[in-house]
2 protein chains.
Amino acid sequence: MTTEEKIFNAARIVFQKKGFAGARMQEIADEAGINKAMLHYCFKNKQLLFEAVFMNAFGELAPQINDIFNSEECVFDKIKKFTKSYISFVIQNPFLPAFVIQEMNNNPEFVMQFFNNEKRPNPELFLTQIKTEIQAGILKPINPKQLLLDIFSMTVFPFAAQIMVKGIIHISDSEFNQMMEERKTSIAEQIINSIKK
Amino acid sequence: MTTEEKIFNAARIVFQKKGFAGARMQEIADEAGINKAMLHYCFKNKQLLFEAVFMNAFGELAPQINDIFNSEECVFDKIKKFTKSYISFVIQNPFLPAFVIQEMNNNPEFVMQFFNNEKRPNPELFLTQIKTEIQAGILKPINPKQLLLDIFSMTVFPFAAQIMVKGIIHISDSEFNQMMEERKTSIAEQIINSIKK
DNA sequence: ATACGGTTTAACCATTTGGTTAGTAAATGT
DNA sequence: ACATTTACTAACCAAATGGTTAAACCGTAT
């Protein structure tokens, strides 16, 4: 593993746990097991290191989502695939959703510029497809944006609020993961059931 | 408005926007229109000021939720009431969910101690009630904790991820609020529909 | 062997930040 | 009227923090 990779991984861990403002360059250096000056040697400054981590995290997920939403499949299949692959991905990166929400909230200007990127999640095609399937009589006449919000909510929220969820319903890490495994299929079933005519 | 109130309100605004780590005492003082030393005169230090804000925010919401979940009503009515009153509350405090998730994530030790408080959201009774209604044949045989998670997800997520949501599906503040108004009833309808036998 | 390039570090610096202090102004009690 | 507490501020301080520098280290080509 190159030094740059060591730093990057350390930065991902620390930023995801503490956020941009809470993260300390020294802590990242310690986590990477190298001298703090190397951070600046490799990534210039905190902001750029952060951007590298954020872009990577988000940029890995967005194309996956877009591939699914922009494929040729029907709405039902897209919902099934999305929930399954999103949950699989996030189980491997459990702090990602809370991290993205946090930085979105603290630093909207920076994050927003990122939404003009081609790597951003772009559900336009999916939304028009929903309209089409409603007109075709496949789906009940629901608001496409509400449907999309439902899908995201059911999928993302448990991870974003992971710590709170564990605290409120009193479950361990393994019970949590087991519940998320269940959700890989149960979310799609429930949503499809509620919108199919 | 007393000076203490001015500080408290200013602190709420700044903490909710920037989080604990990102908030600056000077910024809070400026927002309140008073000298920075007053913050320490009234609230001792940053941590205590933050705790006051956090406890207040969470402590206002938790009893409302508990009142609903611990009432004598049936599961369906509880779901209806919860979504409606939660959304009403959060429309007035739009940054609260993201704020809570953020601090939960950054500072789990502190927040967890708060979950032994009697003011915490306590869904135990609601969970057993769900089991009872399943055995009574009113509800389909679902996992009560998954149901609770569904309810929270659909209700809380759109607010927690507000800024991202607005960016991804391209809606204005007023469109967002209108969608949330719709959700006051639509979430309950959908969930009830998916669990009633 | 040695000069040279990139890599890595210890020590240092400037600024920011939470917090303190000492003193002033304004109520409040006597 | 005067003393005393309370509310408030400007100036200051120590620690933390992001960032820099100059020197050391190390592989490698000459």
Side-chain angles (χ1 to χ4, degrees), chain A residues 1-57 95 99 102-103 105-111 113-114, chain B residues 1-57 95 99 102-103 105-111 113-114:
Chain A
M1 188 161 51
T2 69
T3 302
E4 206 163 323
E5 287 169 336
K6 277 192 227 164
I7 293 173
F8 186 87
N9 289 333
R12 192 173 53 199
I13 290 168
V14 176
F15 278 133
Q16 289 197 9
K17 193 155 68 187
K18 305 281 182 78
F20 178 78
R24 298 287 160 248
M25 295 298 268
Q26 187 58 59
E27 192 181 348
I28 295 172
D30 293 346
E31 179 77 33
I34 48 97
N35 187 286
K36 182 162 69 87
M38 278 305 286
L39 302 186
H40 298 94
Y41 180 74
C42 292
F43 289 90
K44 187 82 178 168
N45 60 36
K46 190 182 183 184
Q47 180 68 29
L48 288 175
L49 177 54
F50 176 79
E51 288 181 15
V53 169
F54 190 89
M55 293 284 181
N56 176 273
F95 291 104
F99 172 65
Q102 175 171 186
E103 298 310 327
N105 204 32
N106 293 342
N107 213 331
E109 324 76 60
F110 159 62
V111 181
Q113 99 196 4
F114 181 69
Chain B
M1 191 161 48
T2 69
T3 303
E4 206 165 321
E5 285 169 337
K6 276 191 227 165
I7 293 174
F8 186 88
N9 290 333
R12 192 174 54 200
I13 290 168
V14 176
F15 278 132
Q16 289 197 8
K17 193 155 70 188
K18 304 281 182 76
F20 177 78
R24 298 288 159 247
M25 294 299 268
Q26 187 59 59
E27 193 182 346
I28 294 172
D30 292 346
E31 178 77 35
I34 48 96
N35 186 286
K36 181 163 70 85
M38 276 307 285
L39 304 186
H40 298 93
Y41 180 74
C42 291
F43 289 89
K44 184 85 177 166
N45 61 36
K46 190 183 183 184
Q47 180 68 29
L48 287 175
L49 177 54
F50 176 79
E51 288 181 16
V53 169
F54 189 88
M55 294 284 180
N56 176 271
F95 290 104
F99 172 66
Q102 175 171 184
E103 298 309 327
N105 204 34
N106 293 343
N107 211 333
E109 324 76 61
F110 158 62
V111 180
Q113 101 196 2
F114 181 67

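We name chains A, B, ... by the order of the sequence lines, and we start the count at 1 in each one.
- Scanning all heavy atoms of the two residues, the minimum distance from A:Ala23 to A:Val14 falls at CB-CG1, 3.8 Å.
- Taking the six-membered ring for Trp and the full ring otherwise, the centers of A:Phe15 and A:Phe50 sit less than 6.0 Å from each other.
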Please test A:Phe8 against A:Asn56 for side chain to side chain contact (heavy atoms under 4.5 Å, CB included), starting from the C-alpha separation and ending with a verdict.
-> CA-CA 10 Å; A:Phe8 186 87; A:Asn56 176 273; 3.5 Å; yes

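- Regarding contacts with the backbone of C:dT7, every side-chain N or O of A:Thr3 stays at 4.0 angstrom or more from both OP1 and OP2.
- Residues B:Ala10 and B:Ile28 share a closest heavy-atom pair of CB-O, 3.5 Å.
- Residues in residues 12-34 of chain B take part in these salt bridge (Lys or Arg N to Asp or Glu O under 4.0 Å) pairs, two or more places apart or across chains: B:Lys18-B:Glu27.
- Among the heavy atoms of the strands lying under 4.0 Å from A:Ala23 are primed sugar atoms or P, OP1, OP2 only; no base atom is included.
- Taking a heavy-atom distance under 4.0 Å as the criterion, the stretch of DNA chain D touched by chain B extends 5' to 3' from D:dT6 to D:dA10.
- Nearest heavy atoms, A:Met25 versus A:Leu39: O-CD1, 3.1 Å.
- In this model, the phosphate group of C:dT16 is not approached by any side-chain N or O of B:Arg24 to a distance below 4.0 Å at OP1 or OP2.
- In the region residues 35-55 of chain A, proximity to DNA chain D at under 4.0 angstrom, judged on heavy atoms, holds for A:Lys36, A:Ala37, A:His40, A:Asn45, A:Lys46.
- Nearest approach of A:Asn105 to B:Gln102, heavy atoms of both residues: ND2-NE2, 4.3 Å.
- Within 6.0 Å of atom CZ in A:Phe20, more than 12 heavy atoms from other residues, nucleotides or ligands are found, so the atom counts as buried in its surroundings.
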